[in-house]
**Student:** 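Sharing a structure here in structure tokens format.
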Amino acid sequence: MPAETHLFLCLKDNYGVLMHDGESGATASIDAPEAAPIEAALKTTGWKLTDILVTHHHADHTGAIEALKSKYKCRVVAPEKEAAKIPAVDETVREGDTVALGNLAANVIETPGHTLGHIAYWFHGEKLAFVGDTLFSIGCGRVIEGDPEMMWSSLKKLRDLPNDTEFYCGHEYTAANIKFARTIEPDNPVLAAREVEARQEIERGLPTIPVTIGDEKLANPFLRADLPEVAAGVGMAGRPAAEVFAEIRARKNRF
Ligand SMILES: [Zn+2]
């Protein structure tokens, strides 16, 4: 049986997602935003929670860890650099580590910027990545603890994943992100197409994720800060990509 995922909303606009290994029965919750919807998802799927894979310490990603752990006795895996801020951690991981989920394996990629210890989990065999609040569909997380240069290099690491990698992010922000992205690249036809697609999905009550890295590279301005047309679009032709990225992020903060 292949790996399966199950996606659902938590809190106001957080995504909860379960990753399941059909062979071993192992099931991970990626982050733990809210206990009730996660438990409901476990009931719907019939899967038993064995692991929680934490991307970063924010409360809307960790708030349900203790409740879930006491009920399911699951293992809690968290970034080494933020373990002190995350409850009930069993195992800490860092760049280059591998996390087993039953017979599946995720590579840990450190993606600091939103928080200093933020990590992503890349299940290369399944072509799936869980990127938390670093990369969003047509957006990226706020640079809260790091600086723009740090965030830009983290985003480039995710951009370097194979084009057919599907990524799951921590929030449903796509509509607002597209509205902003259109101000940076009003003439990008791929972005225009994504706008139509996202509107249809939202109207039908469907999630706008996952998205492939390959598609995202063509439309997400935060992954495109090193392209001449994007630099020119913000009046910064010829400037270093990290500076262009910082300007785009600053504009989004004010948008
Ligand atoms: Zn966060």
Side-chain angles (χ1 to χ4, degrees), residues 7-19 28-35 37-38 51-68 76-89 92-95 99 106 108-122 128-159 167-177 180 207-211 216 220-223 245-246 248-255:
L7 181 69
F8 48 96
L9 283 170
C10 291
L11 302 172
K12 187 170 148 268
D13 51 31
N14 277 75
Y15 270 121
V17 59
L18 299 177
M19 172 98 179
S29 175
I30 313 302
D31 289 325
E34 189 182 8
I38 295 171
D51 300 84
I52 299 174
L53 307 183
V54 183
T55 62
H56 68 297
H57 70 82
H58 285 158
D60 63 328
H61 294 254
T62 58
I65 291 175
E66 282 170 307
L68 293 171
V76 178
V77 179
E80 180 183 85
K81 289 175 182 159
E82 297 187 354
K85 296 178 178 172
I86 297 167
V89 174
T92 62
V93 289
R94 62 201 299 182
E95 177 84 18
V99 179
V108 174
I109 304 171
E110 291 185 349
T111 56
H114 177 68
T115 64
L116 287 175
H118 194 295
I119 59 173
Y121 296 89
W122 174 37
L128 293 178
F130 298 97
V131 301
D133 286 359
T134 299
L135 174 64
F136 295 132
S137 171
I138 315 293
C140 75
R142 279 178 186 267
V143 184
I144 297 173
E145 295 178 8
D147 57 37
E149 192 156 357
M150 186 188 278
M151 189 68 162
W152 169 240
S153 45
S154 293
L155 288 168
K156 278 194 292 182
K157 285 164 91 173
L158 297 177
R159 189 179 69 173
F167 74 89
Y168 287 81
C169 53
H171 293 270
E172 176 58 66
Y173 289 158
T174 309
N177 285 343
F180 169 74
T208 61
I209 65 165
V211 183
E216 197 64 15
N220 185 332
F222 295 100
L223 296 182
F245 170 79
I248 299 171
R249 189 56 256 183
R251 288 187 186 198
K252 177 68 166 68
N253 292 348
R254 298 191 298 264
F255 187 70

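Counting starts at 1 for both ligands and their atoms, following the listed order.
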**Student:** Can we say Glu145 and Lys81 salt-bridge, meaning some charged N sits less than 4.0 Å from an Asp/Glu carboxylate O?
**Tutor:** no
**Student:** Would you find a donor on one side and an acceptor on the other, under 3.5 Å apart, between the side chain of Tyr121 and the backbone of Val54?
**Tutor:** yes
**Student:** Has His56 got an N/O/S atom less than 2.8 Å from the Zn ion (ligand 1)?
**Tutor:** yes
**Student:** What N/O/S atom of His58 is the closest to the Zn ion (ligand 1)?
**Tutor:** ND1
**Student:** Do His114 and Thr134 have a side chain donor and acceptor closer than 3.5 Å?
**Tutor:** no
**Student:** Which value, rounded to 10°, describes the OD2(Asp133)-the Zn ion (ligand 1)-NE2(His114) angle?
**Tutor:** 90°
**Student:** Scan side-chain atoms only and decide if Asp133 and His56 contain a donor-acceptor pair under the 3.5 Å cut-off.
**Tutor:** yes
